[in-house]
Structures are given as C-alpha cells and as structure tokens.
Amino acid sequence: MDQIVDLTHIVQQQIEAYAKGGWAKARGYAITDAKRNIYTVIGVPDYPRKFPASIVVMARVENGKVIIEHDITDRPLWEELVRAGIPREQIILTYAGEQMPEAS
C-alpha cells in the first residue's frame with residue numbers, strides 16, 4: 001500500500017509542476033481525481049483564443065504502475081518521474097504505443 005501512496009504522491013507532485021509558470025499566452029491547470037488516481041494538466045489559452053483548451057499531460061496510477069496516457073510537453077513526464085525515483089520499468093507510455101502487461 002505504501003508503494004502506491006508513494007507513486008501517487010510523486011505523480012501528483014510532478015504533474016502539478018507542469019501547471020506552474022513557464023506558460024506563454026496560456027494558463028495551466030492541474031486537475032486531480034484522487035479516487036481514481038488520475039492526474040492531468042489542462043492548458044487554457046488566453047483570449048483571444050486561436051486554439052481550444054486541451055490536455056497537456058495526463059497520467060494515472062494502477063496496479064503499481066504509472067500509465068502516462070497523454071504528453072505533449074517538451075519535458076517528457078516519464079523523464080521527470082524517473083528523476084523523482086520511479087523506475088522506468090514501472091512507467092507505461094500508452095500514448096507512445098506501450099502496452100499494459102498481461103494480468104497474471
């Protein structure tokens with residue numbers, strides 16, 4: 001259980017960092033669904049808007065793995081998670097075609 005708590009804490013911290021600062025002509029909002037262990041950042045452009053609001057990065061924690069569903073950043077989330085101590089083997093990049101391991 002502690003491992004899942006640690007994973008969710010690290011993922012939430014790293015996701016929230018993407019919503020802070022460094023945005024040109026847009027704002028980032030971190031959104032957390034703690035019940036389902038889903039963490040995301042939505043980018044909302046300033047007015048006048050040339051582009052709609054969109055998901056910037058999205059990840060979830062499931063069965064001891066971090067599943068990154070979406071990442072359009074220039075600073076890949078998986079690299080930040082590895083720097084924060086999560087082994088690459090525990091990270092699945094579904095947006096890049098990686099598959100969830102078969103349930104045993």
Side-chain angles (χ1 to χ4, degrees):
M1 182 68 162
D2 286 338
Q3 181 185 11
I4 298 296
V5 171
D6 290 344
L7 277 177
T8 58
H9 179 74
I10 292 169
V11 171
Q12 183 174 6
Q13 247 183 348
Q14 295 302 316
I15 289 279
E16 287 177 356
Y18 281 86
K20 297 176 184 172
W23 290 77
K25 300 183 181 184
R27 291 179 187 223
Y29 296 96
I31 300 170
T32 297
D33 180 342
K35 185 176 180 180
R36 293 184 183 100
N37 295 322
I38 300 170
Y39 310 92
T40 191
V41 171
I42 304 292
V44 179
D46 294 336
Y47 284 102
R49 291 188 179 153
K50 293 182 182 181
F51 303 101
S54 63
I55 296 172
V56 175
V57 63
M58 178 181 174
R60 60 190 168 91
V61 176
E62 183 179 301
N63 297 324
K65 302 281 186 190
V66 177
I67 299 103
I68 303 176
E69 301 282 3
H70 191 75
D71 189 345
I72 60 169
T73 68
D74 60 355
R75 199 176 90 232
L77 176 61
W78 74 266
E79 290 178 2
E80 298 301 321
L81 294 174
V82 168
R83 277 196 241 339
I86 298 176
R88 175 60 177 94
E89 298 78 33
Q90 281 185 265
I91 301 169
I92 301 168
L93 311 178
T94 58
Y95 71 91
E98 294 180 9
Q99 301 293 314
M100 293 287 291
E102 295 290 325
S104 354

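Just so we're clear, the structure is a prediction, and the values are computed from it rather than from any experiment.
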R60 side, atom CZ; R36 side, atom CZ - distance, nearest 0.5 Å: 12.0 Å
query: Quick one: are I91 and L93 in side-chain contact, heavy atoms under 4.5 Å?
result: yes
query: Given V41 and T73, is the side-chain contact (heavy atoms from CB on, under 4.5 Å) satisfied, shown in steps?
result: CA-CA 11 Å; V41 171; T73 68; over 6 Å; no
Qualifying residue, where the test is side chain to side chain donor-acceptor pair (under 3.5 Å) with E16 and the options are Q13, Q12, K20: Q12
message: Does R88 have more than 12 heavy atoms from other residues, nucleotides or ligands lying within 6.0 Å of its CZ?
response: yes
query: Less than 4.5 Å apart, any side-chain heavy atom of T8 and any of Y39?
result: yes
Where G43 and V56 come nearest, the two heavy atoms and their spacing: N-CG2, 3.6 Å
query: What residues, two or more places apart in sequence or in another chain, satisfy side chain to side chain contact (heavy atoms under 4.5 Å, CB included) together with P87?
result: E89, Q90
- request: With sequence neighbours left out, write down each residue that passes side chain to side chain contact (heavy atoms under 4.5 Å, CB included) with T94, or none if nothing qualifies.
  value: I67, E69, I92
field: Shortest non-hydrogen contact from A53 toward V44
entry: CB-CG2, 4.0 Å
- prompt: Are E62 and M100 close enough, and set up right, to give a side-chain contact (heavy atoms from CB on, under 4.5 Å), and what steps lead you there?
  reply: CA-CA 10 Å; E62 183 179 301; M100 293 287 291; 3.8 Å; yes
field: Results of side chain to side chain contact (heavy atoms under 4.5 Å, CB included) for I55 - residues two or more places apart only
entry: T40, I42, M58, H70
- request: Following the transitive rule for hydrophobic clusters with a side-chain heavy-atom cut-off under 4.5 Å over Ile, Leu, Val, Met, Phe, Trp and Tyr, establish whether I72 and V66 coincide in one cluster.
  value: yes
task: Kindly say whether V57 contributes a backbone atom to a donor-acceptor pair with the side chain of Y95 at under 3.5 angstrom?
output: no
task: Supply the atom-to-atom distance L81 CG to I10 CD1, rounded to the nearest 0.5 angstrom.
output: 8.0 Å
- prompt: So which heavy atom on R49 is nearest to which on Y47, and how close?
  reply: NH1-OH, 3.5 Å
- prompt: Between N37 and V11, is any pair of side-chain heavy atoms under 4.5 Å apart?
  reply: no
